[in-house]
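These notes concern the structure reproduced below.
Everything numeric here is computed off the predicted structure, so don't read it as measured data. Counting starts at 1 for both ligands and their atoms, in listed order. The figures here come from the full heavy-atom set of this structure, side chains too, leaving out hydrogens, waters and symmetry mates.
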Amino acid sequence: MRLTHLLSRCVLAVALAAVLAPAASSFASIVLVRAGQARSVIVVPPEADRYEKEAADELALHLRRMSGADVPIVTDGAGRDGMARILVGRAATAVVADLGVGRALGERVDEMSSRDGFVTRAGGDVVALAGARPPGTAYAAFDLLERLGCRWFFPGDLGTVVPRRRTVTIEPFETVQRPSFDLRSMWVCGFGGENLNRDDRDAIEKWRHRNRQSYDYEWNAGHNMQDTTAESLAQPEQVDVVARRILADFEREPQRQWYSLGWNDNYCHVSAVQAMGIVHPWYPLPQATDPLVRFYNAVVEKVEPTHPGKKYGFLAYMDYLPAPVTVRPHPSLVPVVAPIEQCPRHVPLGGECWQRDALLEAIRAWCRVSDRVLIYDYEPGFLIDGGVPVPCVTRMRHEYPLWHEAGVRGLYAQVQMTVMNNGPNLYVRQRLAWDIDADVDRAMTEYFGMLFGPAVTHVRKWWNALEHMMHHGRGHQHEDEIMKIVYPIDKVRRLEQHVRAAERRADAEPFRQRVRMIRFSQDNLMLYLQMRKAEDEARFADAAGLAERIWKLREQVEAFNPYFYKIGDLDRTNEHASFLSRGWAKHNASRAALIDGSAGDLVAMTGDAWSFRKDPHDVGVARGWYALDAAPGEWRSMRTSQIWETQGLEDATGRGYDGAGWYLTHVDVPGRFAGRRILLSFAGVYGQMLIWVNGRFVHHRPWNGPWWRIAYHAIEDVDVTMAIETGRRNTLMIRVHNEAEWGGIYRRVFLYAPAE
Ligand SMILES: [Zn+2]
């Protein structure tokens with residue numbers, strides 16, 4: 001199976017080559033439109049299918065936009081002397097008998113192989129374009145329009161570039177194309193799921209298809225098994241329960257080819273099923289892949305005898321991202337590797353990001369046990385980056401060829417429509433999905449040059465500077481929490497010069513409107529960084545105000561152009577999510593209330609920098625460090641507004657320090673708080689905590705999981721009344737023990753007296 005698979009990859013690579021082979025008589029340009037008058041007809045078969053119709057309609061639409069000419073769509077191209085003919089789909093294969101669309105199919109490997117290849121031949125007075133299978137015909141039309149200069153950089157008219165010319169000609173050519181990835185798709189949504197109205201959805205679908213993303217590639221690997229739990233794996237009868245449900249669904253929909261065995265979205269923590277005790281490489285939880293794949297195999301084996309040939313997708317996600325070790329997936333299973341919690345900012349094989357290296361190895365391992373591996377490559381702008389720019393062109397151009405080489409069959413992405421922050425990502429993602437050898441530099445030059453015209457230099461400088469920070473900044477992972485490190489506020493402030501220069505240059509439409517997206521993105525990022533700075537400086541009321549301004553700006557952006565920044569459902573409604581602007585506002589307002597007299601009075605704000613020392617062998621408790629004002633050994637300064645990884649506790653490959661670390665500070669407590677209840681307030685600590693005040697133990701908080709479980713609900717107030725001494729200096733000592741990933745105190749700590 002593996003050998004066949006490798007051979008098929010070679011065929012794919014060769015089949016992408018374009019050759020020019022017109023007949024000797026057909027070297028002349030083909031005139032489609034002359035001086036605004038149609039000099040061609042578009043010919044479709046009498047009973048055109050949806051792809052032939054779409055190809056014809058799109059050709060007519062764009063030729064009209066280019067030249068003003070109405071090129072007619074006809075079903076009979078004969079008897080139109082002097083007119084060129086654009087033959088579409090079966091109209092082409094009927095006339096040009098040797099078109100050879102079979103060449104675009106390549107060596108058919110299995111039922112997942114792409115049906116999207118096409119052949120186009122232009123020569124004489126004929127342009128013949130046809131897919132090897134129906135969808136390919138539409139892609140052939142889009143390819144032809146691209147040759148005529150059309151681009152679809154983002155959805156809607158503002159993202160579309162159609163060159164204006166009165167005369168439209170095309171030089172003779174022939175191309176045979178087949179996509180590099182059989183599946184190319186993206187789910188455009190916001191936080192909280194779908195947030196698109198019908199117009200948005202139509203515009204996005206058009207944009208996707210024009211960029212040769214898959215049409216109806218029927219696939220399914222979502223979280224379909226909502227009623228199952230981790231414990232299900234330990235219950236053999238659950239195999240029958242799930243199999244029965246699938247059989248019933250197939251009874252109802254016999255034509256259905258795909259079925260989702262995706263686990264529900266509670267991360268499937270199968271601690272109850274530690275079959276082998278293999279620990280997941282990214283965090284200290286058992287790797288769940290083997291028991292899960294065994295479960296899936298058992299289900300498929302029950303269903304296959306009566307329903308052969310169906311496919312079953314499942315997300316290789318979270319605890320089951322690594323490939324199975326002791327079992328191979330059933331050939332009908334389609335693993336969809338979904339790296340959600342891995343750092344998406346760096347490239348593999350560069351020695352700079354162990355997470356990306358490990359992910360590449362995991363994908364290769366999956367491809368060794370399955371020849372149907374798909375990747376669910378989350379667009380970082382969808383992940384929780386606070387709605388700030390997340391350039392990742394550098395990563396994609398390095399990583400996608402490696403995935404392709406490993407044997408990955410498809411690229412799927414979950415994205416937020418926020419082209420002001422991720423437009424180039426989305427465009428390059430689509431280019432590489434179709435052709436892994438696509439010229440990314442050229443794609444970027446086209447993106448910026450055609451969209452921004454006279455402002456190109458400055459817009460591109462702005463984006464490149466962000467991409468550089470994204471790629472080289474300290475810290476790993478994608479979370480909101482780290483973006484203030486990735487984007488130093490002073491550096492981002494200096495980018496204002498590029499935005500202003502772009503605004504000056506873009507003195508005409510549509511460039512002026514397009515440059516607005518850069519303005520919005522820059523303003524949004526600056527507000528975000530100012531809010532983070534206010535939090536770091538314990539100016540919580542200011543931070544809440546800035547969060548409100550972010551929200552107002554986003555509403556303004558969405559009203560200006562819904563694709564610049566599409567507000568997600570969750571962003572709009574969920575005030576509790578502290579990673580979204582409404583959540584930031586609420587979080588900071590509640591912090592402010594604890595110290596401004598409304599819900600409490602500030603007793604003492606501890607400094608941002610505390611003393612810190614590592615305790616790699618975890619001897620500090622046994623030696624009683626907490627009892628001493630200055631435990632022996634080296635102490636250094638450590639900010640309490642950032643995780644410790646970004647303050648030197650991380651090696652060159654991005655592996656953070658895991659283990660114990662001691663934080664120490666002194667704080668004056670005014671005498672007027674005598675007799676009042678005093679709480680020590682934390683809004684963010686990764687890891688287990690032991691807390692001493694003046695050498696007296698006051699609290700233990702157990703380790704509560706990796707960062708992605710706790711990042712947004714880490715607020716904890718500890719009553720320290722019994723240990724605090726008013727009217728004098730107090731010592732606070734906190735031992736943090738971090739099991740994995742990020743560690744340490746990352747939000748400012750203070751003492752307050754709650755209102756009575
Ligand atoms: Zn990284």
Side-chain angles (χ1 to χ4, degrees), residues 280-284 316-318 321-322 337-365 375-386 388-403 406 411 413-415 421-422 424-425 428-429 432 463-488 491-492 532 579 642-658 686 706-709 711 738-744 746:
H280 193 291
W282 281 272
Y283 39 79
Y317 179 65
M318 308 299 291
L321 186 138
V337 180
I340 187 168
E341 78 282 30
Q342 283 68 28
C343 171
R345 294 179 33 230
H346 303 109
V347 298
L349 304 181
E352 61 186 351
C353 185
W354 75 267
Q355 298 197 35
R356 227 53 206 174
D357 288 348
L359 175 65
L360 177 62
E361 294 303 336
I363 289 170
R364 285 173 172 164
I375 306 282
Y376 198 99
D377 184 37
Y378 296 85
E379 169 69 28
F382 167 75
L383 293 171
I384 304 145
D385 280 326
V388 301
V390 284
C392 63
V393 171
T394 308
R395 174 180 76 78
M396 291 188 293
R397 70 189 299 175
H398 280 87
E399 198 164 46
Y400 286 3
L402 296 166
W403 292 354
L411 284 180
Q414 189 169 353
V415 313
N421 292 326
N422 67 1
N425 294 356
V428 167
R429 184 185 284 280
L432 289 171
W463 174 267
N464 287 352
L466 292 170
E467 173 109 35
H468 189 270
M469 287 184 241
M470 186 75 178
H471 192 69
H472 295 282
R474 279 174 300 138
H476 294 259
Q477 302 292 358
H478 51 71
E479 286 302 296
D480 181 18
E481 209 50 57
I482 212 166
M483 298 316 283
K484 67 186 179 190
I485 318 291
V486 169
Y487 292 128
K491 278 193 186 175
V492 172
R532 283 281 176 239
F579 51 96
Q642 288 183 19
I643 51 173
W644 65 38
E645 277 78 6
T646 55
Q647 302 183 70
L649 268 63
E650 185 172 87
D651 72 14
T653 70
R655 206 176 273 282
Y657 170 67
D658 298 327
Y686 291 117
W707 64 261
W708 37 267
R709 277 205 214 158
N738 187 48
E739 301 281 328
E741 303 184 304
W742 289 350
Y746 62 94

Practice task
Please examine the side chains of Leu360 and Glu399, heavy atoms only from C-beta on, and report whether any two atoms are closer than 4.5 Å.
Solution key: no
Problem - Arg356 vs Pro344 side-chain heavy atoms within contact, under 4.5 Å - result: yes
Completion exercise
A correct count of protein N/O/S atoms found below 2.8 Å of the Zn ion (ligand 1) gives 4
Problem - Enclosure of His468 NE2 (heavy-atom neighbours >12, cutoff 6.0 Å) - result: no
Practice task
Report yes if the side chains of Met470 and Met483 come closer than 4.5 Å at any heavy-atom pair, otherwise no.
Solution key: yes
Problem - Parallel, tilted or perpendicular, as decided by the 30° and 60° cut-offs, for the rings of His346 and His476 - result: tilted
Exercise for the section: Not counting sequence neighbours, which residues clear ring pair (Phe, Tyr, Trp, His ring centres under 6.0 Å) with His398? List them please. Expected result: none
